[in-house]
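To keep things clear, I will list the structure first and then write my remarks on it.
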Amino acid sequence: MHTIRLIITLFFSGTAVSLLAYQFVEIVHAFIDFILERHS
């Protein structure tokens with residue numbers, strides 16, 4: 001039972017981390033677009 005809980009915890013934390021990483025990439029992308037727009 002403990003192993004299943006550990007797997008579920010790892011799965012959820014992994015999902016949360018990937019979602020955060022995705023949002024971070026989106027923010028960086030938007031920021032770069034903003035900078036490029038200002039320079040051109």
Side-chain angles (χ1 to χ4, degrees):
M1 195 64 213
H2 185 70
T3 312
I4 293 169
R5 243 174 99 184
L6 182 68
I7 290 167
I8 290 169
T9 307
L10 284 173
F11 176 75
F12 275 112
S13 57
T15 306
V17 166
S18 53
L19 280 174
L20 279 171
Y22 180 75
Q23 293 235 302
F24 180 72
V25 167
E26 287 287 303
I27 289 166
V28 169
H29 198 254
F31 185 70
I32 289 168
D33 280 350
F34 176 71
I35 299 273
L36 289 176
E37 284 291 315
R38 281 191 56 184
H39 276 288
S40 57

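By convention here, the first residue in the shown sequence is residue 1.
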Review point. Can you tell me how far CG of L36 sits from CZ of F31, rounded to the nearest 0.5 angstrom?
Key: 10.5 Å
Exercise for review: Report the distance from atom CZ of F24 to atom NE2 of H29, rounding to the nearest 0.5 Å.
Suggested key: 13.5 Å
Kindly list each side-chain donor-acceptor pair under 3.5 angstrom involving residues 1-12, sequence neighbours excluded, with atom names and distances?
from: T9; atom 1: OG1; to: R5; atom 2: O; distance (Å): 2.7

